[in-house]
There are 2 protein chains.
Amino acid sequence: MNGYSISKATLGRLPLYLQYLKSLPAVNGATISATAIARGLSLGDVQVRKDLAAVSGAGKPKIGYERTKLIDDLERHLGYERLTNAVLVGAGKLGRALLDYDGFEEFGVKIVAGFDCNEQALQIGKNTKPILPIKDIASYCAEYNVKLGIITVGKGSAQDVCDQLVASGIEAIWNFAPCTLKVPSSVLLKQENLALSLAYLNNQISK
Amino acid sequence: MNGYSISKATLGRLPLYLQYLKSLPAVNGATISATAIARGLSLGDVQVRKDLAAVSGAGKPKIGYERTKLIDDLERHLGYERLTNAVLVGAGKLGRALLDYDGFEEFGVKIVAGFDCNEQALQIGKNTKPILPIKDIASYCAEYNVKLGIITVGKGSAQDVCDQLVASGIEAIWNFAPCTLKVPSSVLLKQENLALSLAYLNNQISK
DNA sequence: CAGTAATCGATAAGAGAATACTGATAAAAG
DNA sequence: CTTTTATCAGTATTCTCTTATCGATTACTG
């Protein structure tokens, strides 16, 4: 229960606050209240206040929080100012879409290169990010200090790719392949299942 | 506490079980225990058992569950056998990647068409899914009984697109744009923020 | 300068989910 | 046929997250 422990649920909302604060026009003044944020994001005001207290803790009654300070605190706490290098394996359609998506950089993650075993995919994309042969991945990761690996290959080769990433010294893996991967406990794994989100929606509407 | 109420957390895991059961080779026999499933998915055995009890409830000691029956129960309960039609708005890189991804259909959702306002994008993709001008969306949704809309446009036009989808009679929206949308309470909204997942990972590894 | 309104922080209460525990059941082994 | 082992089901406990409540603080208003 030290100052570093932030609940997962709260952590998940922090980027939301950051995004919302950044999207506000400067016209709205230099300060903003938790109540206003809650209205903007359709959350409870108490929850917003609690979340913000975990990272910042300086709010004045009747005034609210200083916007620039709040943004700073959020960014610092999320570690967004250090850029983490990431690689992506699997230059299929989804893989290339993520490669070309610039939105990650504002969250502190930079995808520096893509890898693929298919020779046809080995080309320099128009967005300056190279797609390299998978065999070079270990040396590349070592050279560029890559901490994070993204897997967008089919489920057949996902575990194989995963093992290679782990061997390359990756610290965290973001897996889009619809399968469960085995990783050492020292490596952080986040499973992304897009179809699952859809399935949830589908189930809700057909009730 | 009737048969219809399943917790959101459980519901989110059901597709995992389904996927795992389907991926098992037939060699493993016709039955499987909750303990085995738990091992395969790195979950607690008790949790698996509890989840399965919510949809099936027939398990024998020492034996486990009958695999085919379990798959049937899962599929029926998730409503996967009815195919829901979906449209996607925003034929950018991510949009096209999702359009071309076939994996959704096994979860009961079929993306039947993409829409975009950009004339250059109006073409028939190689995967037989048409990309149409956005102005036709209302009539298209009515004709094909579309229940679900996917938004992959930039945040600038997301709300506008959302309103059009709602006006077209959509029941649920899956939004990839990094912004909060306003929808009537009758419409189900699921926000997908890919950058958020990355941010979470990044925060964890830099601790 | 006093009163009012808005907001904050903290503690407490509530709900929901994960986990642990206990007893029961069925197959397998001796 | 009895004992052992693996598994299931149900209850209870614990944990986490959310929501509610209360007093305190600060700006605004008359």
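Because the structure is a prediction, the values reported are computed rather than measured. Just the heavy atoms: all of them, side chains too, but no hydrogens, waters or symmetry mates, feed the values below.
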**Closest nucleotide among D:dT18, C:dA18, C:dC8 to the A:T35 side chain** = C:dC8

**Item:** B:K62 side chain, from C-beta outward: closest of D:dT21, C:dA27, C:dC8
**Value:** C:dA27

**Message:** I'd like to check A:F176 versus A:L98 (side-chain heavy atoms, cut-off strictly below 4.5 Å). Are they in contact?
**Reply:** yes

**Message:** Using a heavy-atom cut-off of 4.0 Å across all strands, would you classify A:K50 as base, sugar-phosphate, or nothing?
**Reply:** base

**Fill in**
Which of D:dA9, C:dA18, C:dC8 is nearest the side chain of B:Y65? It is D:dA9

**Asked** Under 4.0 Å between a side-chain N or O of A:R49 and OP1 or OP2 of C:dG9?
**Response** no

**Request:** May I have the distance from A:I32 (atom CD1) to C:dA6 (atom P), rounded to whole angstrom?
**Result:** 17 Å

**Sugar-phosphate, base or nothing in reach of B:G64, heavy atoms under 4.0 Å** = sugar-phosphate

**Message:** Counting the atoms with a prime plus P, OP1 and OP2 as sugar-phosphate, which does A:A34 contact under 4.0 Å by heavy atoms, base, sugar-phosphate, or nothing?
**Reply:** sugar-phosphate

**Item:** Which nucleotide in C:dC8, C:dA5, D:dT7 has an atom nearest any side-chain atom of B:P61
**Value:** D:dT7

**Request:** Under 4.0 Å between any heavy atoms, over every strand shown, what does B:G59 touch: base, sugar-phosphate, or nothing? Just pick one.
**Result:** sugar-phosphate

**Prompt:** Out of D:dA27, D:dT21, C:dA17, which nucleotide sits closest to the side chain of A:I63?
**Reply:** D:dA27

**Prompt:** Does B:A177 offer a backbone N or O that forms a donor-acceptor pair with the side chain of B:Q191 under 3.5 Å?
**Reply:** yes

**Prompt:** Without hydrogens or angle criteria, can the side chains of B:D163 and B:Q159 be said to hold a donor-acceptor pair below 3.5 Å?
**Reply:** yes

**Message:** Counting C-beta onward and ignoring hydrogens, is there a side-chain heavy-atom pair between A:F104 and B:L194 closer than 4.5 Å?
**Reply:** yes

**Request:** Could you check how far CG of A:L11 sits from P of D:dT16, rounded to whole Å?
**Result:** 16 Å

**Prompt:** Which of these nucleotides, C:dA27, D:dT18, C:dC8, is closest to any side-chain atom of A:Q47?
**Reply:** D:dT18

**Prompt:** Counting only side-chain N and O atoms of B:S7, is one of them less than 4.0 Å from OP1 or OP2 of C:dG16?
**Reply:** no

**Request:** Ignoring backbone atoms, test whether A:R39 places a side-chain nitrogen or oxygen under 4.0 Å from the OP1 or OP2 oxygen of C:dT7.
**Result:** no

**Request:** Take the protein atom CZ of A:R13 and the nucleotide atom P of D:dT16, then report the distance between them rounded to whole Å.
**Result:** 15 Å

**Message:** Ignoring hydrogens and geometry beyond distance, is a side-chain donor-acceptor pair present between B:T10 and B:D51 at under 3.5 Å?
**Reply:** yes

**Prompt:** Of all the choices, D:dT26, C:dA17, D:dT18, which nucleotide is nearest to the side chain of B:A9 once you look at every atom?
**Reply:** C:dA17

